[in-house]
Amino acid sequence: MADERKTVFSGLQPTGNIHLGNYLGALKNWVRLQDEYDTVYCVVDLHAITVDYDPVKFHQDRLEAAKVLMAVGIDPGRSLFYFQSQVPQHSELAWILGTMTPTGVLNRMTQYKDKVAKGVAANLGLYSYPVLMAADILLYRASLVPIGDDQKQHLEMTRDLAERFNNRFGEVFPIPDPLIPETTARIMSLQEPGNKMSKSDPNEKSRVLILDSPDDITKKIKSAVTDSDPDVRFDWDEKPGISNLLEIMSGCTGQSIDDLVAEYGDKGYGVFKQAVADAVIAELASVRASYKALDDAEVARLMTKGALDARQRAEGFQQEIRKFTGLSGI
Ligand code: AMP
Ligand code: TRP
């Protein structure tokens with residue numbers, strides 16, 4: 001019987017350093033959605049090579065990212081899970097969508113502008129990165145995309161492209177909705193709470209990695225930059241460091257921010273930070289344990305199988321798109 005469930009798609013770049021922001025902003029939703037939806041998850045290696053990289057290290061990072069995602073709970077038995085570059089249909093659809101993307105739209109993409117402003121070499125791949133992302137999503141006719149706040153603009157562009165395609169060629173694509181968490185969509189750096197927690201920050205104390213040891217987690221949370229007033233309150237303007245820790249704790253325990261403020265409001269930062277560290281350690285303990293139990297060769301085998309299944313599924317839809325666009329006969 002055909003699978004009637006709606007399709008979910010999301011991707012993560014294999015640049016090492018998968019952190020608590022990735023986990024609370026996106027990956028927790030990836031795992032949860034597997035229960036209800038047809039889920040397709042992808043290690044987006046073609047996106048990652050748009051910035052400078054070392055091919056030998058990158059090859060290890062790709063497998064490492066797949067392993068961490070499996071440890072987090074992505075189950076290749078329930079989700080289609082593979083490396084983007086092993087499914088060439090992504091690139092073909094990106095080309096087709098690229099012919100429909102005004103350069104004026106790409107010029108407005110803030111992620112591209114930020115990267116170039118920070119000194120990343122501008123190249124065509126980095127510029128058209130959002131078009132490849134749109135192709136990833138639309139290739140599976142996904143209707144829901146779990147992401148953090150920083151991907152919102154790219155998703156809006158994907159929606160516009162889907163509409164543009166449908167108007168020109170017929171109702172082909174559903175218009176995908178983002179799924180962005182209410183409280184943890186933008187986890188900030190522990191050292192500079194004005195900036196988001198990021199894989200590329202040179203300061204390792206700025207982020208908790210998913211596989212950090214309990215000791216490292218405690219050290220990083222305890223040295224998180226806060227302020228000198230002792231109240232634990234949720235106030236992004238006056239207390240960005242504490243507000244970030246409140247979001248992190250809420251994301252890990254499921255308690256509301258209000259409940260946490262009621263519990264820790266007057267206990268002082270020392271007690272609060274220890275409680276945040278304990279919550280993060282408890283949340284990530286099972287991920288660390290699953291990671292240790294995974295075997296590299298088995299992860300690689302599952303990724304090869306995932307790519308074969310994904311290719312088969314993508315091929316059917318590729319033929320349809322070719323027909324709609326006149327690239328093959330009806
Ligand atoms: P990336 O590491 O850029 O491949 O991102 C993978 C996923 O994590 C995307 O859905 C991002 O939106 C999300 N993400 C990245 N950094 C953060 C952050 N600091 N807070 C919340 N979500 C994030
Ligand atoms: N651009 C996304 C990021 O950096 C990764 C990504 C690529 C993605 N393709 C996607 C996310 C498709 C969601 C859907 O986080």
Side-chain angles (χ1 to χ4, degrees), residues 7-31 33 39-51 61-62 64-66 68-69 72 74 80 82-85 87 90-91 93-94 97 109-112 114-115 120 125-126 128-159 161-162 176-201 206-210 240 243-244 247-248 250-251:
T7 300
V8 167
F9 184 95
S10 200
L12 172 124
Q13 299 185 70
T15 19
N17 296 330
I18 299 177
H19 54 69
L20 198 56
N22 298 130
Y23 179 75
L24 295 175
L27 301 179
K28 265 191 104 160
N29 274 336
W30 289 27
V31 172
L33 292 165
T39 40
V40 184
Y41 295 130
C42 192
V43 175
V44 290
D45 47 6
L46 294 177
H47 278 106
I49 63 169
T50 56
V51 296
D61 282 351
R62 280 165 89 244
E64 179 66 14
V68 171
L69 289 179
V72 164
I74 302 309
L80 196 53
Y82 62 97
F83 294 116
Q84 181 188 36
S85 62
V87 180
H90 289 254
S91 306
L93 183 54
L97 294 174
M109 292 294 128
T110 54
Q111 192 160 309
Y112 174 75
D114 287 350
K115 282 190 177 161
V120 173
L126 190 67
S128 64
Y129 176 118
V131 181
L132 180 58
M133 177 163 160
D136 296 341
I137 296 166
L138 299 179
L139 184 58
Y140 295 93
R141 289 195 253 213
S143 23
L144 199 60
V145 185
I147 42 173
D149 181 71
D150 60 350
Q151 297 303 312
K152 220 168 159 176
Q153 192 187 29
H154 290 162
L155 200 89
E156 272 157 25
M157 199 194 97
T158 303
R159 292 166 59 90
L161 274 176
D177 286 315
L179 182 71
I180 300 178
E182 256 172 52
T183 47
T184 53
R186 195 174 178 81
I187 299 296
M188 308 308 274
S189 155
L190 298 176
Q191 291 298 312
E192 292 170 273
N195 298 337
K196 73 168 183 176
M197 187 177 283
S198 140
K199 287 174 178 168
S200 56
D201 191 326
S206 68
R207 58 181 167 259
V208 168
L209 299 184
I210 276 189
S243 303
N244 192 35
E247 289 212 350
I248 288 174
S250 169

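This structure is a prediction, so every number in the text was calculated from the model and none was measured. Read the numbers this way: they start at 1 and go in the same order the structure lists the ligands and their atoms.
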| said: When you compare ligand 2 with D136, is there at least one nitrogen or oxygen pair between them that comes in under 3.5 angstrom? | reply: yes
| Where on Q13 is there a heavy atom closer than 4.0 Å to ligand 1, on the side chain, on the backbone, on both, or on neither? | both
| task | Distance to 0.1 Å, residue and atom name: give those for the protein heavy atom nearest to atom 5 (O) of ligand 1. | result | N22 ND2, 3.5 Å
| request: Report the part of I137 in contact with ligand 2, treating N, CA, C, O as backbone and CB onward as side chain, heavy atoms under 4.0 Å; options are side chain, backbone, both, neither. | output: side chain
| remark: Counting heavy atoms under 4.0 Å, the part of S198 that contacts ligand 1 is neither
| request: Could you check atom 12 (O) of ligand 1 against the protein and tell me its nearest heavy-atom contact, residue, atom and distance included? | output: D150 OD1, 2.4 Å
| Closest approach of any protein heavy atom to atom 4 (O) of ligand 2, naming residue and atom | Y129 OH, 2.8 Å
| request: Could you check which of H154, Q13, Q151, H47 puts a non-hydrogen atom nearest to atom 2 (C) of ligand 2? | output: Q151
| field | Per-atom contacts, ligand 1 versus G25 - under 4.0 Å to a heavy atom | value | 21 (C), 22 (N)
| Contact summary for T50 and H47, nearest pair of heavy atoms | OG1-O, 2.7 Å
| Element-labelled atoms of ligand 1 that are located less than 4.0 Å from some non-hydrogen atom of L12 | 4 (O), 6 (C)
| message | Between K196 and D150, does the salt bridge (charged side-chain N to carboxylate O under 4.0 Å, His left out) criterion hold? Intermediate values first, please. | response | CA-CA 9 Å; K196 73 168 183 176; D150 60 350; 2.6 Å; yes
| CG on L132 to OG on S91, rounded to 0.5 Å | 6.5 Å
| Enumerated ligand 2 atoms positioned under 4.0 Å from heavy atoms of S10 | 11 (C), 13 (C), 14 (C)
| request: Check H90 against C42 and note the closest heavy-atom contact, atom names and distance. | output: CE1-SG, 4.3 Å
| query | Can you list the ligand 1 atoms lying under 4.0 Å from a non-hydrogen atom of A26? | reply | 7 (C), 8 (O), 10 (O)
| said: Is the contact between T184 and ligand 1 made by the side chain, the backbone, both, or neither, using heavy atoms and a 4.0 Å cut-off? | reply: backbone
| query | Only one of N22, L69, I18 forms a side chain to side chain contact (heavy atoms under 4.5 Å, CB included) with I210, so which one is it? | reply | I18
| For ligand 2, does V145 get within less than 4.0 Å through its side chain, its backbone, both, or neither, judged by non-hydrogen atoms? | side chain
| request: Would you mind checking which non-hydrogen protein atom is closest to atom 10 (C) of ligand 2, with the distance to 0.1 Å? | output: M133 CG, 3.4 Å
| query | Between M197 and ligand 1, does any nitrogen or oxygen pair lie at a separation below 3.5 Å? | reply | yes
| message | Please list the nearest protein heavy atom to atom 20 (N) of ligand 1 with its residue and the distance rounded to 0.1 Å. | response | I187 N, 2.9 Å
| said: Does only the side chain of D150 get under 4.0 Å from ligand 2, or the backbone, or both, or neither? Count heavy atoms. | reply: neither
| said: Tell me whether G148 has any N or O atom under 3.5 angstrom from an N or O of ligand 1. | reply: yes
| request: Give a yes-or-no answer on whether the side chains of T110 and Q153 include a donor-acceptor pair shorter than 3.5 Å. | output: yes
| Testing D149, I147, L155 for side chain to side chain contact (heavy atoms under 4.5 Å, CB included) with Q151, which one passes? | I147
| Under 6.0 Å from the NZ atom of K199, do we count more than 12 heavy atoms belonging to anything else shown? | yes
| Pick from Q151, H47, H19, R186: the one approaching atom 16 (N) of ligand 1 most closely through a non-hydrogen atom | H19
| query | Taking N or O atoms only and a 3.5 Å limit, does P146 qualify as a polar contact for ligand 1? | reply | no
| request: Output the distance between atom CD1 (I187) and atom CE (M197), rounded to the nearest 0.5 Å. | output: 7.0 Å
| message | Considering non-hydrogen atoms of the protein only, which is the closest contact for atom 5 (C) of ligand 2, and what is the distance? | response | G11 O, 3.6 Å
| said: Is it the case that ligand 1 has an N or O less than 3.5 angstrom from some N or O of K199? | reply: yes
| Would you say the side chain of M157 lies within less than 4.5 Å of the side chain of V131, judging by non-hydrogen atoms? | yes
| Just checking, any donor-acceptor pair under 3.5 angstrom between side chains of S189 and N195? | no
| remark: Of all protein heavy atoms, the one nearest atom 12 (C) of ligand 2 is F9 CE2, 3.5 Å
| request: Quick one: sort the Y140 and Y82 rings into parallel, tilted or perpendicular, breaks at 30° and 60°. | output: tilted
| query | Is D201 salt-bridged to R207, going by a charged N under 4.0 Å from an acidic O? | reply | no
| said: Would D136 and Q84 count as a side-chain hydrogen bond (donor to acceptor under 3.5 Å, both in side chains) here? Give the steps. | reply: CA-CA 8 Å; D136 296 341; Q84 181 188 36; 3.0 Å; yes
| said: Is it the case that ligand 1 has an N or O less than 3.5 angstrom from some N or O of G21? | reply: yes
